[in-house]
Number of protein chains: 2
Amino acid sequence: MTAMPTRTADQQRTQERARYDAYLAECPARQLLDRISDKWVSLLLNALADGPQRYSELHRTVAGVSQKMLTQTLRTLERDGLLTRTVTAAVPVRVDYALTPLGRSLLPVVAAVKDWAETHIEEVHAARRAYDA
Amino acid sequence: MTAMPTRTADQQRTQERARYDAYLAECPARQLLDRISDKWVSLLLNALADGPQRYSELHRTVAGVSQKMLTQTLRTLERDGLLTRTVTAAVPVRVDYALTPLGRSLLPVVAAVKDWAETHIEEVHAARRAYDA
DNA sequence: CGGGATCCGACGGGATACTG
DNA sequence: CAGTATCCCGTCGGATCCCG
């Protein structure tokens, strides 16, 4: 019995992929992309850019979002320190959301994405038409 | 029988959400975000930033990606005019991928995201720790 | 070497109903 | 008003096998 490799090539690749996944999980850029690429995050950030808004106001401003996703998205943004949640005890209750300085510092990044998109989207569409033909 | 509204409030909201979804589908910024937020897109863009690479090279460079997703992602990027696919007839076949000027113009945007992430990720992590406590 | 085709499990997210 | 809880279905993406 000679020195057989303990792991097959497949097992090695699986392991490497696991390690790469772990690396990506730590990668700051990856984490931020996962955040702002969320369907509702950039919409909410922009909605709050002009000042604080109540839950129901946000629900109206970002008309397409469901209650579940609105709440869930706001929670994660609060957890990440990008916005604050202020509860005013009253009847009925009042909850205001506002950007933190950290959240506000993210606006230019979102704007950069938006700018590239609006400048080059027509080229992309043209490329698609050409490709599909 | 008085003037009853034909649609209930629920139906109206459903319609509005449909309209909003349609609006988002057309929104350039949304489309771009959907692209670059794809798990592998920014990785591939960066991998090709230093010059063209073959399929197998990309497969090794971006170690975590599966064949399926690598091919699929490259196809959509090609369709969007962000990179080119060059087949060299030979045995075995050789396929090279390279960024187009349009794809290259996207690099600064990805870099902006990366910069914010690396600068502020620690604040985000701190905020999470505080929130979880 | 560079894919295409197929199957299938996980999960993201909408709809709905209920609550302090 | 501002949520929470549950169900449920569609899609994404990995695994696997096959091909020119």
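Lettering of chains follows the sequences in order, A, B, ..., and the numbering in each one begins at 1.
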[X]: side-chain contact (heavy atoms from CB on, under 4.5 Å) partners, not counting sequence neighbours:
X        : result
A:Val91  : none
A:Thr100 : A:Thr84, A:Leu102
A:Val109 : A:Leu106, B:Val113, B:Trp116

In whole Å, I'd like the distance from the [atom1] atom of [X] to the [atom2] atom of [N].
X       : N      : atom1 : atom2 : result
A:Arg35 : C:dG12 : CZ    : P     : 12 Å
B:Asp38 : C:dG12 : CG    : C1'   : 16 Å
A:Asp34 : C:dG13 : CG    : P     : 11 Å
B:His59 : D:dG14 : NE2   : C1'   : 12 Å
A:Glu78 : D:dA2  : CD    : P     : 15 Å
A:Met69 : C:dT16 : CE    : C1'   : 16 Å

Looking at residues at least two apart in the chain, or sitting in another chain, which of them share a ring pair (Phe, Tyr, Trp, His ring centres under 6.0 Å) with A:Tyr20? A:Tyr23
Pull out every protein N or O sitting under 3.5 Å from an N or O of nucleotides 2-9 of chain C, one pair per line with the distance.
{"unit_1": "C:dG2", "atom_1": "OP1", "unit_2": "B:Arg54", "atom_2": "NE", "d": "3.3"}
{"unit_1": "C:dG2", "atom_1": "OP1", "unit_2": "B:Arg54", "atom_2": "NH2", "d": "3.1"}
{"unit_1": "C:dG2", "atom_1": "OP2", "unit_2": "B:Ser56", "atom_2": "N", "d": "3.1"}
{"unit_1": "C:dG2", "atom_1": "OP2", "unit_2": "B:Ser56", "atom_2": "OG", "d": "2.9"}
{"unit_1": "C:dG3", "atom_1": "OP1", "unit_2": "B:Arg75", "atom_2": "NH2", "d": "3.2"}
{"unit_1": "C:dG3", "atom_1": "OP1", "unit_2": "B:Arg85", "atom_2": "NE", "d": "3.2"}
{"unit_1": "C:dG3", "atom_1": "OP1", "unit_2": "B:Arg85", "atom_2": "NH2", "d": "2.4"}
{"unit_1": "C:dG3", "atom_1": "OP2", "unit_2": "B:Tyr97", "atom_2": "OH", "d": "2.6"}
{"unit_1": "C:dG3", "atom_1": "O3'", "unit_2": "B:Arg75", "atom_2": "NH2", "d": "3.4"}
{"unit_1": "C:dG4", "atom_1": "OP1", "unit_2": "B:Arg75", "atom_2": "NH2", "d": "3.2"}

Who are the side chain to side chain donor-acceptor pair (under 3.5 Å) partners of [X], not counting sequence neighbours?
X       : result
A:Thr61 : A:Gln53
A:Asp34 : A:Arg30
B:Arg54 : none

Look at the side chain of B:Gln31 and the backbone N and O of A:Ile121, then say whether any donor-acceptor pair between them is shorter than 3.5 Å. no
Could you tell me, to 10°, how much the axis swings from one end of the helix from C:dC1-D:dG20 to C:dG20-D:dC1 to the other, five pairs per end? 50°
